[in-house]
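Computed from heavy atoms alone, side chains included, the values below leave out hydrogens, waters and symmetry copies. Computed from a predicted structure; not experimentally measured.
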Amino acid sequence: MEQQLDYAAVRAAADRIAGSVRPVAVVPAAEGLWFALEYLQHTGSFKARGARNFLAAHRDAGTLPDTGVTIASGGNAGLACAWAARAQSVPATVFLPANAPRVKVERLRGYGADVRLVGERYAEALAACEEFAAGSGALSSHAYDHPLIAAGAGTVLDEIRAALPGLDTVVVAVGGGGLFAGVAAAAREHGVRVIAAEPQNCRALNAALEAGRVVDVSVDSVAADSLGATRVSAAALAAAREENVRSVLVPDPAITQARRALWEEHRIVVETGAATALAAVRHAPEPLGERVAVVLCGANTDPGDLTPPAKRSPASRPPVL
């Protein structure tokens, strides 16, 4: 049975994390369009909100063990979990495949995490994480499929509304659906339309809507590093069935173009996952609303492919002999 996240959970999350996360900045981008700069959040993504709410709620309930928290994720969720654990002065044990990029490993260690490299695939790291949690008593966290994680992410919507009176539409990228489920719960309370944007070949939410249930999907997109969940959460599917929600698919070229446009026109560097939300606006055949906010949700990316190689000036060229 699907369990829909309610607005009370989002409000409770806002109270728990107040003062410990950065309020989102909302800036005008074009006529009728605003950017919510959530990539400026601690750890570089919205995930910090959910991780902070998850651990604070367990701390308040007396269910946060001395052995701390564990998660299998080398991406934004892992970084957020390690950051939130450090704030609560408990250990964070993060499991990654042995072939995880060294930069991710070092960033996690920079937040004080105990990084365990296991196997060659995420599934092996996840299995080791689950075994560790069972044996150590550490609290097991999840990248997106938990009501406390989703509720924390959803706190961004009320901040956007406060900065942008009259907001009628918010656009969010969807991977596993944590951010979407939280935002949708708050948006439903205020009559705000939600556009759930996914790459055409990373469509866990759209496929679930089509099938009428959560299903596994294949993943093949430029945005797969952050939106590549093979299935969406049940809470996200429940939210997507509401009247104020619209599922939109965008092709990879539109995502790449949107990411480049953010850099060239605004000097904003985001992940391809975050650019997917803007791509939904740019790719739409008609305006999505009159006052539209696009959540730019993460910026843990290599900006090297956004700038062309520097051209050498004539003076710097070697002489022709």
Side-chain angles (χ1 to χ4, degrees), residues 1-24 38 41-43 45-73 75-95 111 113 126 129-130 133 137-159 172 174-189 205 214 229 231-240 295 297-298:
M1 182 178 178
E2 295 170 6
Q3 184 173 359
Q4 193 161 351
L5 191 70
D6 62 21
Y7 182 58
V10 178
R11 288 305 312 152
D15 291 340
R16 284 192 202 99
I17 68 177
S20 62
V21 298
R22 294 169 179 155
V24 68
E38 184 63 2
Q41 188 55 259
H42 293 289
T43 75
S45 88
F46 74 94
K47 297 281 189 181
R49 293 175 181 268
R52 187 74 187 219
N53 184 50
F54 179 77
L55 290 184
H58 279 282
R59 171 74 80 187
D60 293 347
T63 54
L64 182 57
D66 292 339
T67 46
V69 63
T70 186
I71 191 171
S73 170
N76 292 335
L79 292 169
C81 182
W83 168 79
R86 184 177 66 179
Q88 293 289 352
S89 300
V90 297
T93 307
V94 182
F95 287 80
Y111 284 123
L126 177 60
C129 177
E130 292 171 345
L139 180 65
S140 184
S141 185
H142 195 278
Y144 60 87
D145 195 1
H146 192 284
L148 289 171
I149 298 292
T155 59
V156 72
L157 192 279
D158 277 346
E159 294 178 13
V172 296
V174 181
L179 174 62
F180 163 69
V183 166
R188 185 172 62 249
E189 179 74 12
L205 179 64
V214 173
R231 60 169 41 208
V232 77
S233 70
L237 175 56
V295 181
C297 58

Checklist entry - Which residue, V94, I71, T43, forms the side chain to side chain contact (heavy atoms under 4.5 Å, CB included) with C81? => result I71
Mind checking what makes side chain to side chain contact (heavy atoms under 4.5 Å, CB included) contact with [X], not counting sequence neighbours?
X: A185; result: L5, V10, R188
X: T63; result: H58, A61
X: A12; result: R16
X: I149; result: F54, S141, H146

Closest non-hydrogen atom pair, [X] against [Y]:
X: G137; Y: P65; answer: O-CG, 3.4 Å
X: V69; Y: A85; answer: CG1-CB, 3.8 Å
X: C297; Y: L179; answer: CB-CD2, 4.0 Å
X: A151; Y: A9; answer: CB-O, 3.6 Å
X: S140; Y: A133; answer: CB-CB, 4.2 Å

[atom2] on [Y] to [atom1] on [X], rounded to 0.5 Å:
X: F46; Y: N76; atom1: CZ; atom2: CG; answer: 7.0 Å
X: R86; Y: L55; atom1: CZ; atom2: CG; answer: 13.0 Å
X: W83; Y: S45; atom1: CH2; atom2: OG; answer: 10.0 Å
X: L126; Y: S73; atom1: CG; atom2: OG; answer: 10.5 Å

Considering only distance and modelled atom types, tabulate donor-acceptor pairs under 3.5 Å from the side chains of residues 231-238, sequence neighbours left out.
unit_1: R231; atom_1: NE; unit_2: D216; atom_2: OD1; d: 2.8
unit_1: R231; atom_1: NH2; unit_2: D216; atom_2: OD1; d: 3.4
unit_1: S233; atom_1: OG; unit_2: A236; atom_2: N; d: 3.1

Item to check | Beyond-backbone contact of Q41 with V21, side-chain heavy atoms, under 4.5 angstrom | outcome: yes
Checklist entry - Where the side chain of T155 meets the backbone of A14, is there a donor-acceptor pair that is under 3.5 Å apart? => result no
Checklist entry - Which residues satisfy the side chain to side chain donor-acceptor pair (under 3.5 Å) test with D158, sequence neighbours excluded? => result Y7, R11, H190
Next on the checklist: Enumerate the salt bridge (Lys or Arg N to Asp or Glu O under 4.0 Å) contacts for residues 48-72, please, sequence neighbours excluded, ordered by first and then second residue.
Outcome noted: E38-R49, R49-E159
Item to check | Listed partners of F180 passing ring-ring contact (aromatic ring centres under 6.0 Å, His included), at least two apart | outcome: none
